[in-house]
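Since the structure comes first, as structure tokens, the remarks are kept for the end.
Note that the structure is a prediction, hence the values are computed from the model and not measured.
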Amino acid sequence: MRPIQVNKPKPFGQELRDYLAFVRQPSLAPRLPAARHGSGWVADWLTPLPWGRMLQWAGFLWALNIFVLGPIALAAALAGGAEHRLDLSNIPWFHALVWAPVVEELVFRFGLRQPRAAVLVFPVAVVAMLLGPGGLQAALLIAVLWFCWRPSYRARGKPLNTLPWPARRLWQRHFGLIVHLSCLAFAAVHLHNFMLNEMPIWLMPLLVLPQWLTGLVLAWLRVRRGIGAAICLHAMFNAGPLLVVLLIIGLTGGVK
């Protein structure tokens, strides 16, 4: 493996403009300046993003969700009678900070740059997402990722992210649609966080506007930097609301 070469990231405003351009027309290039490793597979997981920049993106998402999308989602929930499933007496820390970031990124965004490897990873990740945290699910995920990482597997024929030419042309031609469908699917899955009761179907998308926006940012980060950076931001984003809940519980003397 070649030594890590660290490049200074672009200013946040420049990255934000690149993100907005990505939302309008998703593209596979260019990669943003960052550290690069000798192996593309390793770089996809370990290309670092400075914690300060990660906090800037998390803050961007928190601000938009608190002041714009969150109130819309709350109004929709009140209008439609939906209730959040979160049990304040049993906050799922491991699921929110570890399991969900890893598994959901593998399901919804890993394949954006590794479509060939995703043929193996995606079904295992879906099972892990549906079943929730567990030793068997974790072992299967580690096993399939290790299998894809092995040099003997990667050396067979073409790189993991290379599809046969006809499939590659279709992937590139419809990449924008694929990105937006993955973000919509990511948002739709989070409807499970609510007891919908008799909520009208047309109100349901408003409940998951925060997850839709978050999915767009994570898709951009996954394509521009790597799956590891997307997982880290996903975990950091989830940590914010949970820490606020923990603070409120502490200040009010606990859940009654």
All side chain to side chain contact (heavy atoms under 4.5 Å, CB included) counterparts of [X], not counting sequence neighbours:
X	answer
L130	V126
A187	V208, Q211, W212
V98	F94
L55	M236

(request) Kindly determine whether W220 and D18 satisfy side-chain contact (heavy atoms from CB on, under 4.5 Å), including the steps that lead there. (result) CA-CA 9 Å; W220 168 81; D18 185 82; 2.7 Å; yes
How far apart are the closest heavy atoms of [X] and [Y], and which atoms are they?
X	Y	result
G111	A118	CA-CB, 3.6 Å
A229	L221	O-CD2, 3.4 Å
C232	M54	CB-CE, 3.5 Å
W99	A138	CH2-N, 3.8 Å
A230	L218	O-CD2, 3.4 Å
F110	V121	CE2-CG2, 3.8 Å

(message) Counting only heavy atoms from other residues, nucleotides and ligands, does the tally under 6.0 Å from CH2 of W93 exceed 12?
(response) yes
Nearest-0.5 Å distance, [atom1] of residue [X] to [atom2] of residue [Y]:
X	Y	atom1	atom2	value
L64	L209	CG	CG	11.5 Å
L16	Q14	CG	CD	11.0 Å
L203	I72	CG	CD1	12.0 Å
N65	T214	CG	OG1	5.0 Å

(request) Taking R224 for its side chain and P30 for its backbone only, find out whether a donor-acceptor pair lies under 3.5 Å. (result)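 Yes, the answer is positive, given that a donor and an acceptor are paired below the 3.5 Å cut-off.
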(request) Sequence neighbours left out, what passes salt bridge (Lys or Arg N to Asp or Glu O under 4.0 Å) with E105? Give chain and number order. (result) R109
Hydrophobic cluster membership, with links at side-chain heavy-atom distances under 4.5 Å among I/L/V/M/F/W/Y: are [X] and [Y] in one?
X	Y	value
L106	F147	yes
L28	L112	yes
V119	L140	no
L141	W146	yes
I201	L191	yes

With the side chain counted from C-beta on, respond yes when [X] and [Y] share a heavy-atom pair under 4.5 Å apart, and no when they do not.
X	Y	result
L120	C148	yes
V217	F60	yes
L74	P71	no
I231	W45	yes
V223	S27	no
Y19	L216	yes

(request) With sequence neighbours excluded, tell me which residues meet ring-ring contact (aromatic ring centres under 6.0 Å, His included) with H84. (result) F194
(request) Name all pairs fulfilling the salt bridge (charged side-chain N to carboxylate O under 4.0 Å, His left out) condition that reach into residues 210-221, sequence neighbours left out, sorted by first residue then second. (result) none
(request) Using the salt bridge (charged side-chain N to carboxylate O under 4.0 Å, His left out) rule, collect all pairs that involve residues 204-223, keeping only residues at least two apart or in two chains. (result) D44-R222
(request) Among Ile, Leu, Val, Met, Phe, Trp and Tyr joined by side-chain contacts under 4.5 Å, find the other residues sharing a cluster with M195 and list them by chain and number. (result)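 None, because no other hydrophobic side chain comes under 4.5 Å of this residue.
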(message) Starting from L131 and following side-chain heavy-atom contacts under 4.5 Å between hydrophobic residues (I, L, V, M, F, W, Y), which residues can be reached?
(response) V127
(message) Would H180 and F175 count as a side-chain contact (heavy atoms from CB on, under 4.5 Å) here? Give the steps.
(response) CA-CA 9 Å; H180 285 293; F175 184 71; over 6 Å; no
(request) Applying side-chain contact (heavy atoms from CB on, under 4.5 Å), run through L207 and M199 and close with a yes or a no. (result) CA-CA 10 Å; L207 285 178; M199 186 175 197; 3.3 Å; yes
(request) Compute the centroid of each ring, for H234 and then for F186, and state whether the two points are separated by less than 6.0 Å. (result)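 Yes, ring centres under 6.0 Å apart.
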(message) Enumerate the side chain to side chain donor-acceptor pair (under 3.5 Å) contacts for residues 186-206, please, sequence neighbours excluded, ordered by first and then second residue.
(response) E83-N197
(message) Show me the pairs that pass side chain to side chain donor-acceptor pair (under 3.5 Å) and involve residues 54-63, at least two apart or across chains.
(response)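 Listed once each, the pairs are E15-W57, R53-Q56.
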